[in-house]
**Student:** 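Sharing a structure here in structure tokens format.
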Amino acid sequence: MDTTAPVFSVEGLWKVFGPKAERVPADPELTALDPAELRARTGCTAAVRDVSFDVRKGEVFVVMGLSGSGKSTLVRCLTRLIEPTAGTIAIDGEDVRAMDRSRLRELRRHRAAMVFQHFGLLPHRTVLDNVAYGLEIQGMGKNERRERAAEVVAKVGLEGMEHRRPGQLSGGQRQRVGLARALAVDPEVLLFDEPFSALDPMIRRDMQEEVVRLHQEEGRTMVFITHDLQEALKLGDRIALMRDGRVVQLGTPEEIVGSPADDYVREFVRDVPREQVMTVRTAMRRPSADQDGSGPAVRPEATVSEAIEAVARAGSPARVMDKGRCVGVVDSDTLLGVVAGTEQPAPPGTEQPKEAV
């Protein structure tokens, strides 16, 4: 994964709804007000408040928060489906806010495709023709677009359903059509706005697995909006946790669960099984010079849960192996300390700087 060149770069982004909205980001006195005070003083609501982040090429970047936190407004600002009030947005270094109508249309059609919760399928078109719709808008010839659509339909697990209409599909199947339609235009970034929140839990899990599979196969950059913490932890390489329009913490799932930034985040992650999120990097200690090479081996990215199982099965500490080299050792005491939240030793040479927001 290339972490040096962000696909999306967002700096100081504001979206304020209300009269004379542009005065709010420009006035330090107003920006310091909490949401209720701001409404009372100005009649304005700041849905997104001074948000900055980069989305790296090839990563799944999750924006999560409760209803009203500003996450859906934020993702719509990225392609100016909602016009930002202040701040900068760039895609591959190009200023999105400076784009004219033609360039903006190209951005939405080719470069950043949106997958919504409500599928918006055309009821009288077949699955194949719904998937091909974006290609038709682009002016691609009928045979070529239907061939491309058929490839993507198979990729999302709908082979054999090409000639059905949306009314003949389940909710999960319709969402797969929506995903296939976005994939068909081969966008640089997929933007998901709570796409699975209306689905039954089992279908939702299937769709999450589908996203994981597609990401592993294609390495496509994804921005995923959700209010569900488990979904965020499952899908996200990094997570931006929002509250009242602000990003209160940005980090890996492990950083957010293991080192909550404040009491709000701590309460948010309180019931998360730490052993399923934390990796052995968090628990390992430096191997001793006389390490004899015995005992089970685990990967640095293995979860603490997996390591506990390996240590219990062998009855001895486990070696943490990276590219054939022993980089650390974990034993039952340190692993259980991580589970309890009482022990979080920093592994030598593997520290990663926290993201600044």
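If you're wondering where the values come from, they're calculated on a predicted model, not measured in any experiment.
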**Student:** Can a donor-acceptor pair be found, under 3.5 Å and without considering hydrogens, that links the side chain of Arg97 to the backbone of Gly87?
**Tutor:**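 Yes.
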**Student:** Testing Thr221, Val55, Asp92 for side chain to side chain contact (heavy atoms under 4.5 Å, CB included) with Phe8, which one passes?
**Tutor:**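 When Thr221, Val55, Asp92 are each tested with Phe8, the side chain to side chain contact (heavy atoms under 4.5 Å, CB included) holds only for Val55.
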**Student:** Nearest 0.5 Å, please: how far is CE in Met284 from SG in Cys326?
**Tutor:**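 Between Cys326 SG and Met284 CE, I get 9.0 Å after rounding to 0.5 Å.
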**Student:** Do any N or O atoms from the side chain of Glu144 and from the backbone of Gly141 form a donor-acceptor pair under 3.5 angstrom?
**Tutor:**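 No; judged by distance alone, with no hydrogens or angles, the pair does not exist.
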**Student:** Restricting to pairs with a member in residues 65-81, which pass salt bridge (Lys or Arg N to Asp or Glu O under 4.0 Å), not counting sequence neighbours?
**Tutor:**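 Passing the test, one end in residues 65-81: Lys71-Glu194, Arg76-Asp193, Arg80-Glu83.
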**Student:** Kindly compute the distance separating OH (Tyr264) from CG (Leu241), expressed to the nearest 0.5 Å.
**Tutor:**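 Reported value, rounded in 0.5 Å steps: 6.0 Å.
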**Student:** Could you tell me if the side chain of Val311 sits less than 4.5 Å from the side chain of Asp331, heavy atoms only?
**Tutor:**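 The answer is no, as the side chains (C-beta and beyond) never meet within the 4.5 Å cut-off.
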**Student:** Out of Leu233, Val265, Thr252, which one pairs with Val257 under the side chain to side chain contact (heavy atoms under 4.5 Å, CB included) rule?
**Tutor:**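 Of Leu233, Val265, Thr252, side chain to side chain contact (heavy atoms under 4.5 Å, CB included) with Val257 is met by Leu233 alone.
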**Student:** Just by modelled atom types, is the Val127 backbone N or O under 3.5 Å from a matching donor or acceptor in the Arg164 side chain?
**Tutor:**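 Not at all, since once roles are kept as given, no pair shorter than 3.5 Å links the two residues.
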**Student:** Quick one: does Asp228's side chain have a donor or acceptor within less than 3.5 Å of a partner on Gln230's backbone?
**Tutor:**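 Checked: pair present.
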**Student:** Is a salt bridge present between Arg165 and Asp129, judged by a nitrogen-to-oxygen distance below 4.0 Å?
**Tutor:**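 Not counted as a salt bridge, because no side-chain N and carboxylate O are separated by less than 4.0 Å.
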**Student:** Under 4.5 Å between any side-chain heavy atoms of Val298 and Glu306, yes or no?
**Tutor:**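 No, side chains not in contact.
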**Student:** Looking at CD1 of Ile89 and CG of Leu13, how far apart are the two atoms once the value is rounded to the nearest 0.5 Å?
**Tutor:**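 So the CD1 of Ile89 and the CG of Leu13 are separated by 5.0 Å.
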**Student:** Has Arg174 got a side-chain atom pairing as donor or acceptor with Leu169's backbone, closer than 3.5 angstrom?
**Tutor:**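 Between the backbone of Leu169 and the side chain of Arg174 there is a qualifying donor-acceptor contact (under 3.5 Å).
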**Student:** If I compare all heavy atoms of Gly251 with all of Ile256, which pair ends up nearest, and what's the gap?
**Tutor:**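 Shortest heavy-atom contact: O-CD1, 3.8 Å.
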**Student:** Do Met114 and Val189 belong together in a cluster built from hydrophobic side chains that touch within less than 4.5 Å?
**Tutor:**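 In one cluster: yes.
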**Student:** Let me see the working for Met99 and Ile91 under side chain to side chain contact (heavy atoms under 4.5 Å, CB included), right down to the final yes or no.
**Tutor:** CA-CA 11 Å; Met99 289 180 176; Ile91 182 168; 3.9 Å; yes
**Student:** For Arg266, which residues count as a side chain to side chain contact (heavy atoms under 4.5 Å, CB included) partner, sequence neighbours excluded?
**Tutor:**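 Checked Arg266 against side chain to side chain contact (heavy atoms under 4.5 Å, CB included); matches are Pro260, Asp263.
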**Student:** Count I, L, V, M, F, W, Y as connected when their side-chain heavy atoms are under 4.5 Å apart, and connections chain through other members. Are Leu104 and Val10 then in the same cluster?
**Tutor:**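 Per the 4.5 Å side-chain linkage, Leu104 and Val10 are co-clustered.
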**Student:** Taking all non-hydrogen atoms of both residues, which atom of Gly172 and which atom of Ile203 are closest, and how far apart?
**Tutor:**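 Looking at all heavy atoms of both residues, the shortest contact is CA-CG2, 3.3 Å.
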**Student:** Who passes side chain to side chain contact (heavy atoms under 4.5 Å, CB included) against Asp322, sequence neighbours left out?
**Tutor:**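 Residues passing side chain to side chain contact (heavy atoms under 4.5 Å, CB included) with Asp322: Pro300, Val327.
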**Student:** Is the shortest side-chain N to carboxylate O distance from Glu217 to Lys155 below 4.0 Å?
**Tutor:**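 Looking at Lys155 together with Glu217, the answer is no, because their closest N to O distance does not fall below 4.0 Å.
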**Student:** At their closest point, which heavy atom of Gly43 faces which heavy atom of Pro19, and how far apart are they?
**Tutor:**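 Distance-wise, the nearest heavy atoms are O-CD, 3.6 Å.
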**Student:** Between atom CD of Glu254 and atom CZ of Arg274, what is the distance when rounded to the nearest 0.5 Å?
**Tutor:**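 Spacing of CD (Glu254) from CZ (Arg274) equals 9.5 Å.
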**Student:** Considering residues at least two apart in sequence or located in another chain, which fulfil the side chain to side chain contact (heavy atoms under 4.5 Å, CB included) criterion with Glu209?
**Tutor:**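 Side chain to side chain contact (heavy atoms under 4.5 Å, CB included) list for Glu209, sorted by chain: Lys234.
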**Student:** Give a yes or no answer on whether the side chain of His215 reaches the backbone of Gly58 with a donor-acceptor pair at less than 3.5 Å.
**Tutor:**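 Side chain of His215 to backbone of Gly58, a donor-acceptor pair under 3.5 Å: yes, one is there.
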**Student:** Within the 4.5 Å heavy-atom criterion, are Arg243 and Asp262 side-chain neighbours or not?
**Tutor:**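 No, side chains not in contact.
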**Student:** Got more than 12 heavy atoms from elsewhere within 6.0 Å of CD, Glu309?
**Tutor:**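 Not more than 12 within 6.0 Å, no.
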**Student:** Do side-chain atoms of Thr31 reach the backbone of Pro25 as a donor and acceptor pair under 3.5 angstrom?
**Tutor:**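 Looks like no, no N/O pair under 3.5 Å.
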**Student:** Taking all non-hydrogen atoms of both residues into account, name the closest pair between Ala182 and Pro187 and its distance.
**Tutor:**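 Looking at all heavy atoms of both residues, the shortest contact is O-CD, 3.2 Å.
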**Student:** Are side-chain heavy atoms of Met222 and Leu235 found at a separation under 4.5 Å?
**Tutor:**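 Met222 does not reach Leu235 side chain to side chain.
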**Student:** Does the side chain of Val211 come within less than 4.5 Å of Val60's, by heavy atoms?
**Tutor:**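 They are not in side-chain contact.
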**Student:** Show, in sequence, the C-alpha distance, side-chain angles and deciding distance for Val156 and Leu183, and conclude whether the side chain to side chain contact (heavy atoms under 4.5 Å, CB included) test is met.
**Tutor:** CA-CA 9 Å; Val156 301; Leu183 283 169; 4.0 Å; yes
**Student:** Treat each ILVMFWY residue as a node, draw an edge where side-chain heavy atoms are under 4.5 Å apart, and state whether Leu214 and Val177 are in one component.
**Tutor:**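 Yes: a chain of side-chain contacts under 4.5 Å links Leu214 to Val177.
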**Student:** Applying ring-ring contact (aromatic ring centres under 6.0 Å, His included), name anything that partners Tyr133, two or more places apart in sequence or on another chain.
**Tutor:**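 By the ring-ring contact (aromatic ring centres under 6.0 Å, His included) rule, Tyr133 matches no residue at all.
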**Student:** Assess whether side chain to side chain contact (heavy atoms under 4.5 Å, CB included) is satisfied between Leu128 and Arg146, documenting all intermediate values.
**Tutor:** CA-CA 7 Å; Leu128 197 65; Arg146 286 172 70 88; 3.6 Å; yes
**Student:** Atom CD of Gln249 and atom CD1 of Ile239: how far apart are they, to the nearest 0.5 Å?
**Tutor:**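 Rounded to the nearest 0.5 Å, the CD-CD1 separation comes to 9.5 Å.
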**Student:** Is there side-chain contact between Glu147 and Asn143, with heavy atoms separated by less than 4.5 Å?
**Tutor:**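 Glu147 vs Asn143: side chains apart.
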**Student:** By the definition side chain to side chain contact (heavy atoms under 4.5 Å, CB included), identify the one residue from Val320, Thr303, Val329, Ile308 that meets it with Val280.
**Tutor:**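 Answer after filtering Val320, Thr303, Val329, Ile308: Val320.
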**Student:** Quick one: closest heavy-atom pair of Arg56 and Glu59, and the distance?
**Tutor:**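 Where Arg56 meets Glu59 most closely, the heavy atoms are N-OE2, 2.7 Å.
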**Student:** Report yes or no: does Arg23 contribute a side-chain atom to a donor-acceptor pair with the main-chain N or O of Lys20 at less than 3.5 Å?
**Tutor:**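 Present.
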**Student:** Under a 4.5 Å side-chain heavy-atom rule over Ile, Leu, Val, Met, Phe, Trp and Tyr, are Val223 and Val51 clustered together?
**Tutor:**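 The answer is yes; both residues are in one hydrophobic cluster.
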**Student:** From Glu210 CD over to Phe196 CZ, what is the distance, rounded to the nearest 0.5 angstrom?
**Tutor:**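 Going from the CD atom of Glu210 to the CZ atom of Phe196 covers 8.5 Å.
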**Student:** Please examine the side chains of Gln175 and Pro195, heavy atoms only from C-beta on, and report whether any two atoms are closer than 4.5 Å.
**Tutor:**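 Contact flag for Pro195/Gln175 side chains = yes.
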**Student:** Could you tell me whether the side chain of Asn130 and the main chain of Leu122 form a donor-acceptor pair under 3.5 Å?
**Tutor:**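 Side chain of Asn130 to backbone of Leu122, a donor-acceptor pair under 3.5 Å: yes, one is there.
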**Student:** How about Leu107 and Glu94: do any of their side-chain heavy atoms sit closer than 4.5 Å?
**Tutor:**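 In short, these two side chains do not touch, never coming nearer than 4.5 Å.
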**Student:** Using the benzene-type ring in the case of Trp, are the ring centres of Phe53 and Phe61 under 6.0 Å apart?
**Tutor:**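 Centroid distance Phe53-Phe61: below 6.0 Å, so yes.
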**Student:** Does the pair Leu250 and Arg238 meet the rule for a side chain to side chain contact (heavy atoms under 4.5 Å, CB included), with working shown?
**Tutor:** CA-CA 7 Å; Leu250 193 162; Arg238 289 186 302 147; 3.4 Å; yes
**Student:** Indicate if Leu78 and Val16 have the same hydrophobic cluster label, given that clusters are the connected sets of ILVMFWY residues with side-chain heavy-atom separations under 4.5 angstrom.
**Tutor:**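 No; Val16 is not reachable from Leu78 via cluster members.
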**Student:** Not counting sequence neighbours, which residues clear side chain to side chain contact (heavy atoms under 4.5 Å, CB included) with Ala36? List them please.
**Tutor:**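 Residues passing side chain to side chain contact (heavy atoms under 4.5 Å, CB included) with Ala36: Asp34, Arg39.
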**Student:** Could you check whether any side-chain N or O of Gln138 sits under 3.5 Å from a backbone N or O of Arg109, counting only pairs where one atom can act as donor and the other as acceptor?
**Tutor:**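 Between the backbone of Arg109 and the side chain of Gln138 there is a qualifying donor-acceptor contact (under 3.5 Å).
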**Student:** Where do Ala307 and Val330 come nearest, in terms of heavy atoms and distance?
**Tutor:**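 In terms of heavy atoms, the two residues are closest at CB-CG2, 4.5 Å.
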